[in-house]
Amino acid sequence: MGKRAGFVASKIVKIVQTCAVVGIATLSGCTPPPPPAPPPPPPPVVQAFPARPVAPGFAQENLLVPAVNALGVRQTVNTGLTAAQTVWNLRSAYNVAALNCQDAGHASMAANYGAFLKTHARELSATNRALDSEFRQKYGPGFKDVRDRYMTQVYNYFAMPPVLPRFCDAAFNVSTALTTVPAGGLDVAAANLLPQLEAVYLAFFNEYEAYRVAATAWDASYLATYGVPYRRPVANPLAPSADVPYGPGAPVVSPVPNPAVTGSATPVAGAGSIPAGS
């Protein structure tokens, strides 16, 4: 009887164990699978490499920009002029335009300039003599050298390559206006028209100073990483007097040819003394 009871008990244990295994397997079949692993983080955003700011008119680096005085007036070759200087600087600018502004849109410029010289020949001659007198009174026997140096700077100023396209457009408008100015009225016209040309250069200088600030900021952020970018090599249009102030006290310089116009004539030192009919 004892053996039989032990046998039955053993069977019961086995049955319980089997049921337990089956139950566990059944339960494990109902358990949801674990969630998938989270995706990897996105790659870091690479900041786009900005191009270095470009100077207006593709001007060269380290261009000398005339300073602004305490009153906010930029000190250029056209600052503080006498009436005679105003007329002669207008004539000089017109001369530069006639030589360099030769595309189809400015085709009449040279002819207009020739007519201008004929119409105002007497007034220009008188202006030339007045200028000689003014420079002689201020600088004595060596006045012609001083005047020649100043006039060379005036020609170079109006012939600056990065400003030339804008200058030609403004000069064409001035040229058109001058066709209606009668003989004897040039001094009044010059007082109104020369500032229109000067405004082109003042705007350029302001833009160049803004470019210089932006380029300096770019260099501070990117120069160490990306190195010096390509910079358009252009000779300084004011060289070799770029390290001295504008005006009669500057040393003798040679005019800078305009590389944009192959074979075009360029005013030479002493152009300030060209007779008005030339």
Side-chain angles (χ1 to χ4, degrees), residues 56-60 63-66 74-82 84-103 105-106 109-110 112-114 116-117 124 127-128 131 147-178 186 189-208 234-242 245-248 250 253-261 264-274 276 278:
F58 298 100
Q60 67 275 11
L63 176 71
L64 175 68
V65 174
R74 199 174 291 280
Q75 303 300 291
T76 76
V77 295
N78 294 312
T79 301
L81 303 181
T82 66
Q85 281 182 303
T86 300
V87 171
W88 204 256
N89 283 14
L90 178 66
R91 176 201 180 279
S92 301
Y94 203 171
N95 179 220
V96 171
L99 292 171
N100 292 283
C101 305
Q102 299 178 350
D103 61 15
H106 309 125
M109 190 88 72
N112 286 351
Y113 178 63
F116 162 82
L117 294 178
L124 289 171
T127 299
N128 193 38
L131 273 178
R147 184 182 173 189
D148 288 349
R149 289 197 298 265
Y150 170 71
M151 291 312 305
T152 296
Q153 290 185 353
V154 171
Y155 278 111
N156 289 345
Y157 181 84
F158 286 117
M160 282 195 291
V163 195
L164 200 59
R166 302 189 221 182
F167 166 71
C168 287
D169 290 340
F172 183 78
N173 293 334
V174 168
S175 171
T176 303
L178 283 169
L186 187 55
N192 293 320
L193 295 176
L194 183 62
Q196 296 181 26
L197 300 179
E198 176 71 347
V200 173
Y201 292 85
L202 296 179
F204 168 79
F205 292 136
N206 290 340
E207 292 172 15
Y208 190 89
V234 179
N236 188 335
L238 300 179
S241 63
Y246 290 103
V253 295
S254 298
V256 177
N258 172 24
V261 181
S264 63
T266 305
V268 297
S273 299
I274 295 174
S278 62

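Legend: residues meeting side chain to side chain contact (heavy atoms under 4.5 Å, CB included) with N192, ordered by chain and number and at least two apart, are V188. With sequence neighbours left out, the side chain to side chain contact (heavy atoms under 4.5 Å, CB included) criterion links A84 to T82, T127, A130, L131, E134. Residues satisfying the side chain to side chain contact (heavy atoms under 4.5 Å, CB included) test with T79, not counting sequence neighbours, are V73, Q75, T76. Contacts of Y208 classified as ring-ring contact (aromatic ring centres under 6.0 Å, His included), with partners at least two apart in sequence or in another chain: Y211. Listed by chain and number, the residues in a side-chain hydrogen bond (donor to acceptor under 3.5 Å, both in side chains) with S175 are Y94, N112 (sequence neighbours excluded).
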Inset, instruction - Go through L197 and N78 one step at a time and tell me if the side chain to side chain contact (heavy atoms under 4.5 Å, CB included) criterion holds. - result: CA-CA 10 Å; L197 300 179; N78 294 312; over 6 Å; no
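Counting only heavy atoms from C-beta outward, the side chains of N95 and Y155 approach each other to under 4.5 Å. The side-chain heavy atoms of L178 and L186, taken from C-beta on, include a pair separated by under 4.5 Å. Side-chain contact between N206 and R74 is present, with heavy atoms from C-beta onward closer than 4.5 Å.
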N/O donor-acceptor pairs under 3.5 Å from side chains in residues 160-171, not counting sequence neighbours:
unit_1, atom_1, unit_2, atom_2, d
R166, NH1, E207, OE1, 3.2
R166, NH1, E207, OE2, 3.1
R166, NH2, E207, OE1, 2.6
D169, OD1, H106, NE2, 3.0

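Here the shortest heavy-atom pairing between L124 and F116 reads CD1-CE2, 4.0 Å. Minimum heavy-atom separation, A59 to L63: CB-CD2, 4.5 Å. Scanning both residues, A190 and T86, for their nearest heavy atoms gives O-CG2, 3.6 Å. Closest heavy-atom contact between S92 and M151: OG-CE, 3.1 Å.
A donor-acceptor distance shorter than 3.5 angstrom exists from the side chain of Y201 to the backbone of F158, with no hydrogens or angles considered. Remark: side-chain polar atoms of Y150 are paired, donor with acceptor, to backbone N or O of V77 under 3.5 angstrom.
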